[in-house]
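Below: one structure, written as structure tokens.
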Amino acid sequence: KIYCLLRPQSTLVLPSELKSHPKIQIIPGDLSDSIHGQNWNVLKTLEPLNLTEIWHLGAVVNWHKDLDSISSANILSTLHLSIFSILHHIKFIYFSTISVAESYGYGPESSLLSTNELLSSNGYVVSKYLAEYSVREAVLLNLLQAIIIRPGMVVGRVKDGEGNKTDYINRYIAGVIKIGAWIKDEMKQEMIPVEWIAEKSVEIVEESKTNELWDGRVYHLVQKNRITWRQLGRWIGNWSEEKKRKRMRGEEYGIWRRRLEEEIEEGNELYGLRPFFGEEWSAGRSERVAQSENLEELLGEKRAECMEMTEEAVWKYCDFNSK
């Protein structure tokens, strides 16, 4: 049996096949509410379930908010779940982010951001860093059996394009459709389908159980065969022409960024892009690839290889984001 602890608002948009699945039970609860011990009240509902594993994926993913506003959801919830796991001898699978690795996501799996890198990071990245650090410390003290999974840039499902419209790539696609222009740049970008993340996460956990690898090992789920922003833009433009919408054009980054700033209004589909597109956006990063040696050692090089993005999938993401 799988028990899904979800924020009450998330249950409203849950696919019907999950709501009715005989092996899945939805438990409404919000671990971001730490006031007056509400986190522990939620966790008490889990005590009778005899859990063997906890997969902690919940977080507020927002590059605008400061650390104080998301620390409860991203840090305290992790602390409380890890303590709960320790008390009840439960295996803990923590989902972090590639952004906490050294060199802003390009370092080895064992690495963490340097002090200077951390000080220049936004509240979201700092919150995930502190949460992951707490899990690592509990493992080092032999209190917790855990593994850490760091996904790269996740996009929606390949089969139908559906995903979270507030995610980075979805915001960008919606923004390109609105502006009518895409970034003409050879910098490469990950686009990792969420179903691949899910499949590999299951494989990592199953192999960890088989080999008793609960030593806080970190696994990067990344994509080595990435497409350029120019290619992504061309595919969005081809979709627009096929749908007989406006004709799009590629623009150098500086010109595109000025256009973005002109179109941004707080709360619109472009607002969430501002933290990602600064003046030094592409400097020196076009050919770097995140490292994933632990994953390749565990699963083998072939199984650890992420699927490549295709024009067909991008068109589905365009359909989804144009609704």
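Values below: every heavy atom of this structure, side chains too, minus hydrogens, waters and symmetry copies. Here the structure is a predicted model, which means the values were calculated and not measured.
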With sequence neighbours left out, write down each residue that passes side chain to side chain contact (heavy atoms under 4.5 Å, CB included) with Ser77, or none if nothing qualifies. Leu31, His56
Would you list the atom pairs, donor with acceptor, under 3.5 Å between side chains in residues 198-205 and any protein atom, with sequence neighbours excluded?
residue : atom : partner : partner atom : Å
Lys200  : NZ   : Glu203  : OE1          : 3.3
Lys200  : NZ   : Glu203  : OE2          : 3.3
Lys200  : NZ   : Arg303  : O            : 2.7
Ser201  : OG   : Ile197  : O            : 2.7
Glu203  : OE1  : Arg303  : NE           : 3.4
Glu203  : OE1  : Arg303  : NH2          : 3.1

Do Tyr104 and Ser120 get their side chains close enough for a donor-acceptor pair, meaning under 3.5 Å? yes
Say you draw a straight line from CD1 of Ile148 to CG of Asp215; how long is it, rounded to the nearest 0.5 Å? 10.0 Å
Given the rule that I, L, V, M, F, W and Y join up when any side-chain heavy atoms are under 4.5 Å apart, are Phe320 and Leu232 in one cluster? no
Keeping to residues at least two apart or across chains, list the ring pair (Phe, Tyr, Trp, His ring centres under 6.0 Å) pairs with something in residues 158-180. Tyr168-Phe276, Tyr168-Phe277, Tyr172-Trp229, Tyr172-Trp256
To the nearest 0.5 Å, atom OG of Ser322 lies from atom NZ of Lys178 at 13.5 Å
No-hydrogen, no-angle side-chain donor-acceptor test under 3.5 Å, Lys128 and Tyr94: yes
Lys1 NZ: over 12 foreign heavy atoms closer than 6.0 Å: yes
Can you tell me how far apart CG (Leu113) and OG (Ser121) are? Round to the nearest 0.5 Å. 5.0 Å
Below 4.0 angstrom, N of the basic side chain to O of the carboxylate: do Arg247 and Glu241 qualify? yes
Checking His88 now: which residues fulfil ring-ring contact (aromatic ring centres under 6.0 Å, His included) with it, not counting sequence neighbours? Phe84
Qualifying ring pair (Phe, Tyr, Trp, His ring centres under 6.0 Å) pairs with a residue from residues 206-226, counting only residues at least two apart or across chains: none
What distance do Leu260 atom CG and Glu251 atom CD have between them, rounded to the nearest 0.5 Å? 11.0 Å
Compare all side-chain heavy atoms of Leu299 with those of Glu207 and state whether any distance is below 4.5 angstrom. yes
Can you tell which of Glu296, Glu305, Glu190 makes a salt bridge (Lys or Arg N to Asp or Glu O under 4.0 Å) with Lys224? Glu296
Does Thr45 have any side chain to side chain contact (heavy atoms under 4.5 Å, CB included) partners at least two apart in sequence or in another chain, and if so, which? Ile27
In the single-linkage hydrophobic clustering (I, L, V, M, F, W, Y; side-chain heavy atoms under 4.5 Å), do Leu140 and Val135 co-cluster? no
Can you sort out the partners of Lys316 under salt bridge (charged side-chain N to carboxylate O under 4.0 Å, His left out), two or more places apart, ordered by chain and number? Glu312
Do the non-hydrogen side-chain atoms of Val139 and Phe92 ever get within less than 4.5 Å of each other? no
Any residue meeting salt bridge (charged side-chain N to carboxylate O under 4.0 Å, His left out) with Asp160, in chain and number order, not counting sequence neighbours: Arg157
Start with the C-alpha distance between Glu262 and Arg258, add both sets of side-chain angles, then the distance that settles salt bridge (Lys or Arg N to Asp or Glu O under 4.0 Å), and finish with yes or no. CA-CA 6 Å; Glu262 290 170 1; Arg258 286 195 292 274; over 6 Å; no
Are Ser114 and Asn116 close enough that a side-chain donor and a side-chain acceptor fall under 3.5 Å? no
Grouping ILVMFWY residues whenever side-chain heavy atoms fall under 4.5 Å, the cluster of Val222 otherwise contains Ile98
How close do Gly105 and Ala290 get, heavy atom to heavy atom, and via which atoms? O-CB, 3.4 Å
Side-chain touch Trp196/Leu221, heavy atoms, less than 4.5 angstrom: yes
Tell me whether the NZ or CZ atom of Lys184 lies within the 45° cone about the ring axis of Tyr253 and under 6.0 Å from its centre. no
Under the side-chain contact (heavy atoms from CB on, under 4.5 Å) rule, what do Ile54 and Tyr3 come out as? Steps first, then yes or no, please. CA-CA 9 Å; Ile54 288 180; Tyr3 300 94; over 6 Å; no
Can you measure from CD (Glu47) to NZ (Lys44) and round to the nearest 0.5 angstrom? 7.5 Å
What I'd like to find out is whether the side chain of Lys165 reaches to under 4.5 Å of the side chain of Lys323, using heavy atoms alone. yes
pair Phe95-Arg150: side-chain heavy atoms closer than 4.5 Å: no
Quick check: is Leu119 connected to Tyr129 through a chain of hydrophobic side chains (ILVMFWY, heavy atoms under 4.5 Å apart)? no
Membership question, hydrophobic clusters at under 4.5 Å side-chain separation (ILVMFWY): are Val100 and Leu57 in the same one? yes
salt_bridge(Arg259, Glu263) N-O dist < 4.0 Å: no
Consider only side-chain heavy atoms of I, L, V, M, F, W and Y, link residues closer than 4.5 Å, and tell whether Ile255 and Ile183 are in one cluster. no
Compute whether any side-chain donor of one residue and acceptor of the other, for Asp66 and Ser69, lie under 3.5 angstrom apart. yes
Can you check whether His64 and Tyr124 have ring centres sitting under 6.0 Å from each other? no
Rounded to the nearest 0.5 Å, how far apart are CD1 of Ile149 and CG of Leu295? 9.0 Å
Go through the structure and list residues passing salt bridge (charged side-chain N to carboxylate O under 4.0 Å, His left out) with Glu293, not counting sequence neighbours. none
side-chain contact (heavy atoms from CB on, under 4.5 Å), that's the test. Do Ile236 and Trp315 meet it? Break it down for me. CA-CA 7 Å; Ile236 299 171; Trp315 281 32; over 6 Å; no
Glu308: salt bridge (charged side-chain N to carboxylate O under 4.0 Å, His left out) partners, not counting sequence neighbours: none
Check whether any side-chain heavy atom of Asp30 sits under 4.5 Å from a side-chain heavy atom of Leu6, and report yes or no. no
Test item: Ile227 and Gln189 side chains (from C-beta on) under 4.5 Å apart, heavy atoms: no
List for me each residue that meets side-chain hydrogen bond (donor to acceptor under 3.5 Å, both in side chains) alongside Arg245, sequence neighbours excluded, and say none if there are none. none
Is it true that Glu53 and Lys209 have a side-chain N and a carboxylate O under 4.0 angstrom from each other? yes
